Amino acid sequence: DAKTTQPPSMDCAEGRAANLPCNHSTISGNEYVYWYRQIHSQGPQYIIHGLKNNETNEMASLIITEDRKSSTLILPHATLRDTAVYYCIVRVGGSQGNLIFGKGTKLSVKP
Amino acid sequence: GAVVSQHPSWVICKSGTSVKIECRSLDFQATTMFWYRQFPKQSLMLMATSNEGSKATYEQGVEKDKFLINHASLTLSTLTVTSAHPEDSSFYICSARVRLSNQPQHFGDGTRLSIL
């Protein structure tokens, strides 16, 4: 079973920041948090991952709480093409483990 | 970024035939590859994990004799759906990463399989 909890859906206005929350209260000390998104009829696209420090790349920022029990993915300026299902995943089993997908958050970016 | 190529992207075939799907890592050596299946309006379900040169490890409920996985090289894994039936129709997605690494898995664009 997935170790994360996400809201099933969110809306965001185009050009505004999209903040997608994720709870992972049972995360272990060596388990990373990964974020992917899936646009309809495509394979998942990697966005970002982190252990305990906040991370930023060209796509997004990842904010992880100090206790590591939750995180937030931030898309700073959402566009219509960011409409997708976003998955927050804790890899079960550490570096040897697999990505188990939950139901994710359906983000709808509206004009 | 890392690229995983999956082929074919779409296949339609008659019931009882076997279908092979290829997954290639184009710019890195994928010591571990994964196969997922996704039914409409559902999330991805992990079917099996394979390490290069080893037999695949199948998830509970996945028939290993029906879904044959070969991972003979560091850049190629194949999934063969044997004697496919309409209930095998689904979206099959492969993924690859370097083994024992916290680097992310990268996914192919999937293969939509329709069995008539």
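Order of the sequence lines fixes the chain letters, A, B, ..., with proteins taken first and strands second; residue numbering starts at 1 for each chain. Worth saying up front: this structure is predicted, and the values here are computed from it rather than measured.
Criterion: ILVMFWY side-chain heavy atoms under 4.5 Å apart, direct or through other members. Under it, A:Leu20 and A:Val33 are part of a common hydrophobic cluster. A:Leu80 and A:Leu73 fall within a single hydrophobic cluster, where Ile, Leu, Val, Met, Phe, Trp and Tyr are joined by side-chain heavy atoms under 4.5 Å apart, directly or via other members. Connection of B:Leu46 to A:Tyr32 is established within a shared hydrophobic cluster, with ILVMFWY side chains joined at heavy-atom distances below 4.5 Å, either directly or through further cluster members. Under the 4.5 Å side-chain heavy-atom criterion for grouping Ile, Leu, Val, Met, Phe, Trp and Tyr, A:Trp35 is connected to A:Met10 within one hydrophobic cluster. In this structure, A:Leu62 is a member of the same hydrophobic cluster as A:Leu107, with clusters built from ILVMFWY side-chain heavy atoms closer than 4.5 Å.
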A:Phe101 and B:Phe107: CA distance, side-chain angles, deciding distance, ring-ring contact (aromatic ring centres under 6.0 Å, His included) verdict: CA-CA 13 Å; A:Phe101 283 75; B:Phe107 288 80; 5.7 Å; yes

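The two residues B:Gln105 and A:Tyr46 have their closest heavy-atom pair at O-CB, 4.3 Å. Across A:Tyr36 and B:Pro104, no two heavy atoms sit closer than the pair OH-CB, 3.6 Å. The minimum heavy-atom distance between B:Gln103 and A:Arg91, with the atom names listed, is O-NH2, 3.3 Å.
Among B:Leu44, B:Asp109, B:Thr49, the residue with the largest count of heavy-atom pairs under 4.5 Å with chain A is B:Leu44. Looking only at heavy-atom pairs under 4.5 Å with chain B, the residue among A:Gln42, A:His40, A:Gln45 that has the most is A:Gln42.
Between B:Arg112 and A:Ser41, the closest side-chain pair of non-hydrogen atoms falls below 4.5 Å.
Counted within 6.0 Å of NZ on B:Lys20, heavy atoms from surrounding residues, nucleotides or ligands total 12 or fewer; the atom is thus considered open.
Remark: B:Ser43 OG to A:Ile89 CD1 distance equals 7.5 Å, nearest 0.5 Å. Between the CD1 atom in A:Ile100 and the CE atom in B:Met45 there is a gap of 11.0 Å [rounded to 0.5 Å].
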In a table with atom names and distances, give each donor-acceptor pair under 3.5 Å that connects a side chain of residues 82-93 of chain B to protein atoms at least two apart or in another chain.
residue, atom, partner, partner atom, Å
B:Thr82, OG1, B:Asp65, O, 3.2
B:Thr82, OG1, B:Lys66, O, 3.1
B:His85, ND1, B:Ser83, O, 2.9
B:Asp88, OD2, B:Lys66, NZ, 3.0
B:Asp88, OD2, B:His85, N, 2.9
B:Ser89, OG, B:Pro86, O, 2.9
B:Ser89, OG, B:Ile115, N, 2.8
B:Ser90, OG, B:Gln38, O, 3.0
B:Tyr92, OH, B:Asp88, O, 2.7

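Outside the 6.0 Å centre-distance limit, the rings of A:Tyr87 and B:Tyr36 are not counted as a close aromatic pair.
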